[in-house]
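Here's the structure, in structure tokens; my notes come after.
Here the structure is a predicted model, which means the values were calculated and not measured.
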Amino acid sequence: MALTATLREIRSLFTKNGGQSDLWYILAASAITALNRPEDIAPVYALVEQSIDELPKLSSSEKEAAKVNAVLRMREGILKSFIASGFPKTINGLKELNLATPEQIKAKLPQTPIRKEESWETILQERERGRALFAKIYDRHTDRVTKDMHNFYPDLGQVAIHQLYGPVISNTSILSGKESSLILVTGLKTLDVAAQLRGHKYGALHQGATQEDLKNVETMVNMLCQHYGVQLPKAKL
């Protein structure tokens with residue numbers, strides 16, 4: 001089956017029963033990045049662009065604004081996916097998305113980082129936000145996970161809060177907490193990292209995801225693995 005046909009099936013999977021219409025492409029791009037197929041980010045964007053162009057009630061300017069928003073969300077999703085998939089893959093995924101984005105859409109995108117660290121106070125607030133999210137995700141297991149990371153390597157927990165949860169995962173200026181958690185679930189499921197997948201599965205539920213959302217992620221990942229001829233991950237959602 002051609003990739004475009006698979007992507008259409010993924011879109012239908014997430015939008016059935018009135019589901020969120022702009023979630024599928026964020027998670028598909030995250031999974032494709034995790035699978036190290038960055039060249040296939042372009043077909044994801046192409047299908048998103050086509051879907052927007054086919055909306056009959058939007059004006060030309062509204063369609064352009066929708067495309068800008070879609071690229072913003074895809075960029076942020078691929079960026080956040082590095083926490084599960086690795087930074088080199090994220091660089092390659094964002095490079096391919098940039099190449100696929102038309103110049104008129106690029107011209108409307110932010111030209112400076114959305115994450116501001118202009119004062120020490122801002123950084124401290126960011127870290128506190130990260131700690132709060134960490135506690136929300138791990139719930140009653142927070143103290144145990146924190147102690148485990150400290151025992152593994154004292155710097156591990158600090159890096160998790162100061163560099164990952166604070167500035168990256170907990171930033172909801174573009175993607176919601178639920179969407180951000182589902183990106184992590186997607187990456188961990190794709191790479192078959194069972195121990196962390198278990199924790200982030202419950203974290204996604206704590207962030208507002210449903211069992212149907214998790215089932216859709218599992219189905220999507222399996223569909224993409226089958227498309228690429230990759231062994232299906234054994235870790236269950």
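- Judged by distance alone, the side chain of Thr142 and the main-chain N or O of Asp139 form a donor-acceptor pair under 3.5 Å.
- The backbone N or O of Thr210 sits less than 3.5 Å from a side-chain atom of Asp213, completing a donor-acceptor pair.
- The structure places CG of Leu79 at 6.5 Å from CG of Leu94, a figure rounded to the nearest 0.5 Å.
- Residues Leu55 and Met74 do not share a hydrophobic cluster, defined by chaining ILVMFWY side chains whose heavy atoms lie under 4.5 Å apart.
- By the criterion of side-chain heavy atoms lying less than 4.5 angstrom apart, applied directly or through intervening Ile, Leu, Val, Met, Phe, Trp or Tyr residues, Ile123 is not grouped with Phe134; the two fall into different hydrophobic clusters.
- Between Pro110 and Leu72 the shortest heavy-atom distance is CD-CD2, 3.5 Å.
- For the pair Lys80 (side chain) and Asn171 (backbone), a donor-acceptor distance under 3.5 Å is present.
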Asp22/Ile26 under side-chain contact (heavy atoms from CB on, under 4.5 Å): CA gap, chis, key distance, verdict: CA-CA 7 Å; Asp22 57 354; Ile26 301 168; 5.6 Å; no

Side-chain atoms of residues 229-237: list all donor-acceptor pairs with protein atoms under 3.5 Å, sequence neighbours left out, distances to 0.1 Å.
none

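- The shortest side-chain heavy-atom distance between Asn98 and Arg75 does not fall under the 4.5 Å cut-off.
- Checked against side-chain contact (heavy atoms from CB on, under 4.5 Å), Lys108 has the following partners two or more places apart in sequence or in another chain: Glu64, Val68.
- Although no hydrogens or angles enter the test, the distance criterion places a donor-acceptor pair under 3.5 Å between the side chain of Ser59 and the main chain of Glu62.
- Taking OH from Tyr25 and OH from Tyr45, the interatomic distance works out to 10.0 Å, rounded to the nearest 0.5 Å.
- A donor and an acceptor atom, one from each side chain of Thr33 and Ser30, are nowhere located under 3.5 Å apart.
- Glu128 and Arg131 are joined by a salt bridge, as a carboxylate oxygen and a charged side-chain nitrogen come within less than 4.0 angstrom of each other.
- Leu224 CG to Thr219 OG1: the interatomic distance, rounded to the nearest 0.5 Å, is 11.0 Å.
- Closest approach of Ala34 and Lys89 over heavy atoms only: O-NZ, 2.8 Å.
- Cluster annotation: Val159 and Tyr153 are assigned to distinct hydrophobic clusters (Ile/Leu/Val/Met/Phe/Trp/Tyr, side-chain heavy-atom contacts under 4.5 Å, transitive).
- With respect to the salt-bridge test (charged N to carboxylate O, under 4.0 angstrom), the residues Glu179 and Arg73 qualify.
- Leu7 contributes atom CG, which lies 6.0 Å from atom CG of Leu47 (distance to the nearest 0.5 angstrom).
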Test side-chain contact (heavy atoms from CB on, under 4.5 Å) applied to Arg11 and Ser51, step by step: CA-CA 10 Å; Arg11 181 180 62 181; Ser51 299; 2.5 Å; yes

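- Between the side chain of Arg115 and the main chain of Pro167, a donor-acceptor pair closer than 3.5 Å is present.
- The local environment of CD in Gln50 is crowded, with over 12 non-hydrogen atoms from other residues, nucleotides or ligands closer than 6.0 Å.
- For Glu103 and Lys106, the salt-bridge test passes: some basic side-chain N is under 4.0 Å from an acidic carboxylate O.
- Using modelled atom types, no side-chain atom of Lys189 and backbone atom of Glu218 make a donor-acceptor pair closer than 3.5 Å.
- The NZ atom of Lys136 lies 8.0 Å from the OG atom of Ser181; values are rounded to the nearest 0.5 Å.
- Scanning all heavy atoms of the two residues, the minimum distance from Met220 to Ala31 falls at CE-CB, 4.1 Å.
- When every heavy atom of Leu35 is checked against every heavy atom of Cys225, the shortest pair comes out as CD2-SG, 4.2 Å.
- Checked by atom type and distance alone, the side chain of Thr90 pairs as donor or acceptor with a backbone atom of Ile78 at under 3.5 Å.
- Residues Glu212 and Lys16 are in side-chain contact: their nearest non-hydrogen atoms beyond the backbone lie under 4.5 Å apart.
- With hydrogens and angles ignored, the 3.5 Å screen pairs no side-chain donor or acceptor of Lys178 with any backbone N or O of Gln207.
- Contact record, Val48 with Trp24: CG2-CZ2, 3.9 Å, taken as the closest heavy-atom pair.
- Atoms CD1 and CD1, on Ile174 and Ile114 in that order, are 3.5 Å from each other to the nearest 0.5 Å.
- Taking all atoms of both residues into account, the shortest heavy-atom contact from Ala204 to Val185 is CB-CG2, 4.1 Å.
- Both the sub-6.0 Å distance and the 45° axial angle are satisfied by Arg37 relative to the ring of Tyr228.
- Using a distance-only test at 3.5 Å, with no hydrogens or angles considered, a donor-acceptor pair links the side chain of Thr101 to the main chain of Leu97.
- Put simply, the side chain of Asp53 reaches to within 4.5 Å of the side chain of Lys63, judged on heavy atoms.
- Between Phe87 and Asn92, every side-chain heavy-atom pair lies at or beyond the 4.5 Å cut-off.
- Residue pairs meeting the side-chain hydrogen bond (donor to acceptor under 3.5 Å, both in side chains) criterion with at least one partner in residues 190-200, sequence neighbours excluded, are Tyr138-His200.
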Pair Glu39-Lys95, salt bridge (charged side-chain N to carboxylate O under 4.0 Å, His left out): steps then yes or no: CA-CA 9 Å; Glu39 66 278 5; Lys95 174 186 175 182; over 6 Å; no

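- At distances below 3.5 Å, at least one donor-acceptor pair connects side-chain atoms of Asn151 with backbone N or O atoms of Lys147.
- Note on Leu109 and Ile52: same hydrophobic cluster, where clusters join Ile, Leu, Val, Met, Phe, Trp and Tyr whose side-chain heavy atoms are under 4.5 Å apart, directly or indirectly.
- Thr6 places none of its side-chain heavy atoms less than 4.5 Å from the side chain of Gln226.
- Counting heavy atoms from C-beta on, the side chains of Leu214 and Leu182 come closer than 4.5 Å.
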